[in-house]
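What follows is one structure encoded as structure tokens, with my remarks underneath.
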Amino acid sequence: MAQKSGSKRLSVAKTYKIYIDGKFPRTESGRYFALEDSKGGVIANVCRSSRKDFRNAVVAARKAQPGWAKASAYLRGQVLYRVAEMLEGRRDQFIAELVLQGVGQRAAEKEVDLSIDRLIYFAGWADKYQQVFSAVNPVSSSHFNFSILEPTGVVSMLAPNDSGLLGLVSNVAPTIVGGNTCIVLASEKLPLCAVSFAEVLHASDVPGGVVNILTGHRSELTGQFASHMDVNAIIYCDADRKTAQSLQHAAADNIKRVVSRTRTDWFKSSAQHPYLIRDTQEVKTTWHPIGV
Amino acid sequence: MSLTAVDTTTRLPDLSAVPAVDEVGVNERVARFQSRSIKTASKIEALKLVLSMIDLTTLEGQDTPGKVRQLCQKAIHLHDALPDLPHVAAVCVYPTMVGVAREALAGRDINIASVATAFPSGQAPLSVKLEDTRMAVAAGANEIDMVISRGEFLAGHHGRVFDEIVAIKEACGDAHLKVILETGELGTLDRVRKASVLAMHAGADFIKTSTGKIQPAATMQVTLVMLQAIRDYYYDTGRMVGMKPAGGISSAKLAVHYLVMLRETLGNAWMTPDWFRFGASSLANDVLMQLQKQKTGVYQSPDYFSKD
């Protein structure tokens, strides 16, 4: 962070790295881009992730997925709750970081508080969404027929560009609470909180590989996020018509589930609901023969 | 040692004269191999070469004739969606499965390798090991992967290990003999080098790192030491010996690093399936995924490749 004037001490600037498989590597490509404030001053150098970073992240996410899905709903809830606790403890840091990136003080406070609350909200849903969305279905044969949800698998995610923390949390939380693992491309405009949020995840009990966070250019990575054959769903939050179209086209190759969350105001309470969890769930229906 | 005619196949060399291995040097050299920049066209060629060098392997207690037939199918049809693929060099199975593999690969230019000599421990009397070998050869194996007696080697009974390899070589007849050193149990790179020299002088056609049952299996470090031993043996005797790292090589990238090491240590003459093999089960699919990626530009998923 910026050095205070008059202080003799040289402040130690933070290196913003990416988060893959529970580790904080620099981008494999060695490339960076400078994040600037409104006056053109450099705030930080941010990793410009390459498609190879993305590929590595997918490998990590795929490896972590079965174990995370197998964890009990109760445990996944506890882990998410723990993330909220950790975020609460570092509230001031996140507010300062948002302000540094040009967000107003009041707006920043609100964003961090809402992010914490949203984590708690989805933590609470962990052991409840299954009951709400599952069903016993009436069928006209001697079968006991029921449908339950199973996680879609590995989810790639283009986080909202204009909400550095809240937008990210609002998409990651419902995805992982349902047993998915994800690879997130952080906001290109406001990437700092995403990296700090990775540190929060790291300090909580989220297993490595469950959430992987990359920073970099949308234009470079969107295609890969949509086309990778080992990704089962893609969530995008702001894409123009043309991008959305090409993204859906690329996603069709392995029939990815495509979730569009454009034009969402993440500050509104209408932006939190359990259907966000169901977006990355698959319905499994079982026909079980029963005696007459 | 000199280049004059010495009957190198039957005499145990003086192992105390084997040069010591500089471990730090080996580590540095290995790190260099991993930093070469390989451009797209070369990478595709390298990946195809890797495929052609694979000994597709299944060595499990749970192997069934069905599993072996499936493996052979995989060997023949690696990935039919990609044209112009080479086939693998061999399939590698237990002696009891050689007959099944022979039948499944009839008329194909794919070798059948069989492990023998009480694989993987090698803890059996010589007579049993010889019978094991003869049985595999009789069933149709044209390559035999034997294990050395690590216990004897570590106890310093080098002569016994030597004589055993000579005897097995004789039992192999026309079949190629690969000698597994099980480097993970030898402990030091110096012993790896000594065991390599011993095996080559005893008549090994190939030397091989590991059974795949012990960790660590193949590493680039032990492979480099063995390649250097092969090079020096070639300078001494004029006889080429092949190399087979096995176990733990599951990514295409790592396999290409091995090829770089091979090229820079032994040169082009060894860059064929006749002189270099990968013992692997999951490597083939990763290589296929990389080739498909090069063709389509899209990263691949194991979901769309046949299991072996």
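This one's a predicted model, so the numbers in the text were calculated from it and none came from an experiment. Quick note on labels: first sequence line is chain A, next is B, and so on, each numbered from 1.
- Distance alone, capped at 3.5 Å, is enough to place a donor-acceptor pair between the Ser187(A) side chain and the Lys189(A) backbone.
- Heavy-atom neighbours of chain A within the stretch residues 278-296 of chain B, taken at a separation under 4.5 angstrom, comprise Gln290(B), Lys293(B).
- For Thr152(A) (side chain) and Thr280(A) (main-chain N/O), a donor-acceptor pair under 3.5 Å exists by modelled atom type.
- Taking the six-membered ring for Trp and thresholds of 30 and 60 degrees, Tyr94(B) and Phe119(B) have ring planes more than 60 degrees apart, a perpendicular arrangement.
- Contact check for Leu149(A) versus Val283(A): side-chain heavy atoms found under the 4.5 Å cut-off.
- The shortest side-chain heavy-atom distance between Phe225(A) and Leu214(A) falls under the 4.5 Å cut-off.
- Taking 4.5 Å as the limit, some side-chain heavy atom of Lys14(A) sits within range of a side-chain heavy atom of Ser196(A).
- Identified by a heavy-atom distance below 4.5 Å to chain B, the contributing residues of residues 229-248 of chain A are Met229(A), Asp230(A), in residue-number order.
- Using a 4.0 Å cut-off between charged side-chain N and carboxylate O, Glu143(B) and Arg277(B) make a salt bridge.
- Side-chain atoms of Ser163(A) do not come within 3.5 Å of backbone N or O of Pro160(A) as any donor-acceptor pair.
- Inspection of non-hydrogen atoms places no residue of residues 34-46 of chain B under 4.5 Å from chain A.
- Contact check for Arg31(A) versus His217(A): no side-chain heavy atoms found under the 4.5 Å cut-off.
- Note: Leu49(B) CG to Ile54(B) CD1 = 10.5 Å, rounded to the nearest 0.5 Å.
- Between Tyr258(B) and Pro245(B) the shortest side-chain heavy-atom distance falls below 4.5 Å.
- Contact residues of residues 45-70 of chain A toward chain B are Arg51(A), Lys52(A), Arg55(A) (heavy-atom distance under 4.5 Å).
- Annotation: His249(A), atom NE2; neighbour count of heavy atoms from other residues, nucleotides and ligands within 6.0 Å does not exceed 12.
- Proximity of a side-chain donor or acceptor of Gln300(B) to a complementary backbone N or O of Val298(B) within less than 3.5 Å is detected.
- Between Val192(B) and Gln221(B), every side-chain heavy-atom pair lies at or beyond the 4.5 Å cut-off.
- Looking only at side-chain heavy atoms (C-beta outward), Cys182(A) and Ile176(A) come within less than 4.5 Å of each other.
- Residues Thr58(B) and Gln70(B) have side chains not in contact (no heavy-atom distance under 4.5 Å, counting atoms from C-beta outward).
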